[in-house]
Q: 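Just passing along the structure, written as structure tokens.
The figures here come from the full heavy-atom set of this structure, side chains too, leaving out hydrogens, waters and symmetry mates.
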Amino acid sequence: NQKQKNKRINSLMGSRKLVRDLFSSKQLLLQLVQPQQVAESRLPLISSNWILSSRRFSDRNESSKNVQGEAQSDPKFKQSINELKGKAADLKFAKEELKMRTKQTTENLYKRVDGAWKEAEASLKKGRLLTGATISLLIAGGAYASTVDEATFCGWLFNATKLVNPFFAFLDAEVAHHLAITAASRGWVPREKRPDPSILGLEVWGRKFSNPIGLAAGFDKNAVAVEGLLGLGFGFVEVGSVTPIPQDGNPKPRIFRLREEGAIINRCGFNSEGIVSVAKRLGAQHGKRKLAESTSTSPAPDDEVKHQGKAGPGILGVNLGKNKTSEDAAADYVQGVHTLSQYADYLVINISSPNTPGLRKLQGRKQLKDLIKKVQAARDEMQWGEEGPPPLLVKIAPDLSKQDLEDIAAVALTLRLDGLIISNTTISRPDPVSTYPVAGESGGLSGKPLFIPSTNILNEMYILTRGRIPLVGCGGVSSGEDAYKKIRAGASLVQLYTAFAYGGPALIPQIKAELAECLERDGFKSVHEAIGADCR
């Protein structure tokens, strides 16, 4: 009996060991199943049955401690053991099935990776083919370009900018402006090699202009891209406005596009690096040009010498402004004259920006007269060579009454002012600009909506000054026809800005060609003959 009893106890211990093994197998199986996330629907059922069986066995085991004899002889005990063995077999089968599915999953993964790699190789081959084709086209295009004349190739370069210019519309207005200035300063813009039509040439203030189309102040405020901008084919370029002390201008955002109307609203507020920085830059450019002229072994063509200014080909104007916090406006302008006039072919006193508080008050008769006298005296007291001092112009606003215009004309004639620029931006919001949400933004409006009011002011000023003072027409010019209308209204020279910002370099040769056609169409042999034609 004792042997039989020991035998049953050993059997019981073996059963416990089997349970531990089954539990370990379950844990191992869960570790395999969880990371792969491929557990089959039958595994939860197996696990549940195993837990039930384990609980039954545990209950029986507890009972066997109290009544060992009864537990050992209970037939249900043997049944539980058999059930556990069956579950173990099921677990073993599930484990084998899991291995097989994991192997299949791994093989599928390898196939996908291999397929993706092959696709990448195919794309790489296509990319190489495309790159090779592009390089071949460039080489072929370069080889063909070498066989065509310079004028044709230059025209291609300007037309190519039409492909790039639309991308600027996706940028913030001020970011696009900065990028355009950077491109011009680094020579990333086309250079005009074709001579201007002879009908466009004229002389103003003793300076010879190859054409009357210029770039207005505000585009290159700090004179960083003078050479590149003149190289685009402008007859003259005006930099600034430049203030005596560096200032950041008004807070951003401060430039708002009205692309549908070809207009811009800005309230920059004379953001400037200051006259010292601009003077260093212009001085370096001036010295570089002089050095190139002195070391050149071949003389420049007569036509190029004829139209050269202080910045090289083309005429350079410097627009002077006052600091926002300055209490003595005249002192600011005098300081600008003393520092920058030696590098300028003409100077401009800007008293019409709507974005500097109190600035437009200087357009009053007494204030304007006192200001011009002080600035003229500062200019004339400097030492000048044979060319004499640079001409002095005043830039006025379009938002002036008839009395204001009469006062300005009287002062200009009395003090023998060299010229007037008509006009700056407007604070009005004519239709349809007034219907746009950005119309509520403060600042000056420029572009096409300004063309009619600024041209009307230009015409009135030409009549008031009796054509004795050269006028520069500015405001809303976007075509050769517009430039022609400005000239017929009394302008000797014409400036653009907003249209150039939208149209890019390709607009310049287009305007010059259209202007030449307009002059020839109406029988004029030169720009001079057309000046003020509508006032006769």
Q: State whether the side chain of Ser428 and the backbone N or O of Pro430 hold a donor-acceptor pair below 3.5 Å, judged by distance alone.
A: no
Q: Suppose we screen for salt bridge (charged side-chain N to carboxylate O under 4.0 Å, His left out). Which residues come up paired with Arg379, at least two apart in sequence or across chains?
A: Asp418
Q: Do Gln495 and Ile421 come close enough that some side-chain heavy atom pair is under 4.5 Å?
A: yes
Q: Would you say the side chains of Gln285 and Tyr343 form a donor-acceptor pair under 3.5 Å?
A: no
Q: Output yes when a side-chain donor or acceptor of Asp172 lies under 3.5 Å from a complementary backbone atom of Glu174, and no otherwise.
A: yes
Q: Kindly say whether Leu359 contributes a backbone atom to a donor-acceptor pair with the side chain of Thr356 at under 3.5 angstrom?
A: no
Q: Rounded at 0.5 Å granularity, tell me how far OG1 in Thr455 sits from CZ in Arg488.
A: 13.0 Å
Q: So, Asn459 versus Asp534: side-chain donor-acceptor pair below 3.5 Å or not?
A: no
Q: Treating Asp431 as the side-chain partner and Thr435 as the backbone partner, does any N or O pair qualify as donor plus acceptor under 3.5 Å?
A: no
Q: Give, for atom CG of Asn424 and atom CD1 of Ile351, the distance between the pair rounded to the nearest 0.5 Å.
A: 10.0 Å
Q: Under a 3.5 Å cutoff, is there a donor and acceptor pairing between the side chains of Gln403 and Asp407?
A: yes
Q: Is there a side chain to side chain contact (heavy atoms under 4.5 Å, CB included) between Val334 and His338? Walk through the geometry before answering.
A: CA-CA 6 Å; Val334 166; His338 284 159; 3.5 Å; yes
Q: Mind checking the CD-CD spacing from Glu514 to Glu481? Nearest 0.5 Å is all I need.
A: 8.5 Å
Q: Do any N or O atoms from the side chain of Ser277 and from the backbone of Gly274 form a donor-acceptor pair under 3.5 angstrom?
A: no
Q: Over all heavy atoms of both residues, which pair between Val477 and Ala483 is shortest? Give the atoms and the distance, please.
A: CG1-N, 4.0 Å
Q: Which atoms form the tightest heavy-atom contact between Ala330 and Lys374, and what is the distance?
A: CB-CD, 3.6 Å
Q: Considering only heavy atoms from C-beta outward, does the side chain of Leu171 approach that of Leu179 to under 4.5 Å?
A: yes
Q: To the closest 0.5 Å, what do you measure between CG (Leu392) and CD1 (Ile372)?
A: 7.0 Å
Q: Examine distances only and state if a side-chain atom of Asn323 and a backbone atom of Thr243 form a donor-acceptor pair shorter than 3.5 Å.
A: no
Q: Side chains of Lys324 and Asn250: closer than 4.5 Å at any heavy-atom pair?
A: yes
Q: Go through Asp220 and Leu229 one step at a time and tell me if the side chain to side chain contact (heavy atoms under 4.5 Å, CB included) criterion holds.
A: CA-CA 9 Å; Asp220 187 4; Leu229 293 172; 3.8 Å; yes
Q: May I ask you to say whether Glu227 pairs ionically with Arg186, meaning some side-chain N is under 4.0 Å from a carboxylate O?
A: no
Q: What pair of heavy atoms forms the shortest contact from Ala489 to Cys535, and how long is it?
A: O-SG, 3.8 Å
Q: Using side chain to side chain donor-acceptor pair (under 3.5 Å), reason through Ser454 and Lys486 one step at a time and then give a plain yes or no.
A: CA-CA 9 Å; Ser454 64; Lys486 291 281 189 185; 2.8 Å; yes
Q: Assess the side chains of Asp404 and Ser401: does a donor N or O sit below 3.5 Å from an acceptor N or O?
A: yes
Q: Before you tell me yes or no, could you show the steps for Arg281 and Glu273 under salt bridge (Lys or Arg N to Asp or Glu O under 4.0 Å), namely the whole-Å CA-CA distance, both residues' side-chain angles and the distance that decides it to 0.1 Å?
A: CA-CA 11 Å; Arg281 198 168 287 126; Glu273 293 180 7; 3.1 Å; yes
Q: Any side-chain donor paired with an acceptor under 3.5 Å for Thr498 and Ser446?
A: yes
Q: Parallel, tilted or perpendicular: which one describes the rings of Phe167 and Phe170, with boundaries at 30° and 60°?
A: tilted
Q: For Phe236, what residues pass the ring pair (Phe, Tyr, Trp, His ring centres under 6.0 Å) criterion, not counting sequence neighbours?
A: Phe209
Q: Any non-hydrogen side-chain atom of Ile275 less than 4.5 Å from a side-chain atom of Ile245?
A: no
Q: Would one find more than 12 heavy atoms of other residues, nucleotides or ligands at under 6.0 Å from atom CG of Asp248?
A: no
Q: Looking at residues at least two apart in the chain, or sitting in another chain, which of them share a salt bridge (charged side-chain N to carboxylate O under 4.0 Å, His left out) with Arg194?
A: Glu192
Q: Do any N or O atoms from the side chain of Asp345 and from the backbone of Leu316 form a donor-acceptor pair under 3.5 angstrom?
A: yes
Q: Quick check: Phe500 with Phe234 (ring centres under 6.0 Å apart)?
A: yes
Q: Kindly say whether Ala499 contributes a backbone atom to a donor-acceptor pair with the side chain of Lys448 at under 3.5 angstrom?
A: no
Q: Walk me through whether Leu258 and Val438 qualify under side chain to side chain contact (heavy atoms under 4.5 Å, CB included).
A: CA-CA 8 Å; Leu258 285 157; Val438 295; 3.3 Å; yes
Q: Please give me the minimum heavy-atom distance between Leu400 and Ala397, naming the atom from each residue.
A: CD1-O, 3.2 Å
Q: Counting C-beta onward and ignoring hydrogens, is there a side-chain heavy-atom pair between Leu393 and Leu417 closer than 4.5 Å?
A: no
Q: May I ask you to test the Asp522-Tyr484 pair for a side-chain heavy-atom distance under 4.5 Å?
A: yes
Q: Heavy atoms only: give me the nearest Ser478-Leu507 pair and the separation to one decimal.
A: O-CD1, 3.7 Å
Q: Establish, from distance only, whether the side-chain atoms of Gln367 and Gln363 form a donor-acceptor pair under 3.5 Å.
A: no
Q: Can you confirm whether more than 12 heavy atoms, excluding those of Ile452, are under 6.0 Å from its CD1 atom?
A: no
Q: Hey, does the side chain of Glu406 reach the backbone of Leu464 with a donor-acceptor pair shorter than 3.5 angstrom?
A: no
Q: Just by distance, with hydrogens left out, do Lys322 and Ser241 show a side-chain donor and acceptor under 3.5 Å apart?
A: no
Q: Could you check whether Phe168 and His177 have their ring centres less than 6.0 Å apart?
A: no
Q: Could you go step by step and tell me if Tyr346 and Glu238 meet the side chain to side chain donor-acceptor pair (under 3.5 Å) rule?
A: CA-CA 9 Å; Tyr346 71 88; Glu238 188 175 311; 2.8 Å; yes
Q: Do Leu445 and Phe256 make a side-chain contact, defined as non-hydrogen atoms from C-beta onward lying under 4.5 Å apart?
A: no
Q: Using every non-hydrogen atom in the two residues, find where Arg360 and Pro398 come nearest and quote the distance to one decimal.
A: NH2-CD, 4.3 Å
Q: Taking atom OH of Tyr502 and atom CZ of Arg259, what is their separation to the nearest 0.5 Å?
A: 5.5 Å
Q: I'd like to know whether Arg254 forms a side chain to side chain contact (heavy atoms under 4.5 Å, CB included) with Glu441, so could you lay out the CA-CA distance, the side-chain angles of the two residues, the decisive distance to 0.1 Å, and finally the verdict.
A: CA-CA 9 Å; Arg254 53 194 180 186; Glu441 297 287 348; over 6 Å; no
Q: Can you tell me how far CH2 of Trp205 sits from CG of Leu493, rounded to the nearest 0.5 angstrom?
A: 5.5 Å
Q: Is the backbone N or O of Gly235 less than 3.5 Å from a side-chain atom of Asn211, with the two atoms forming a donor-acceptor pair by type?
A: yes
Q: Using a cut-off of 6.0 Å, state whether more than 12 heavy atoms not belonging to His528 lie near its atom NE2.
A: yes
Q: If you define the side chain from C-beta out and look only at heavy atoms, does anything of Leu232 sit under 4.5 Å from Pro190?
A: yes
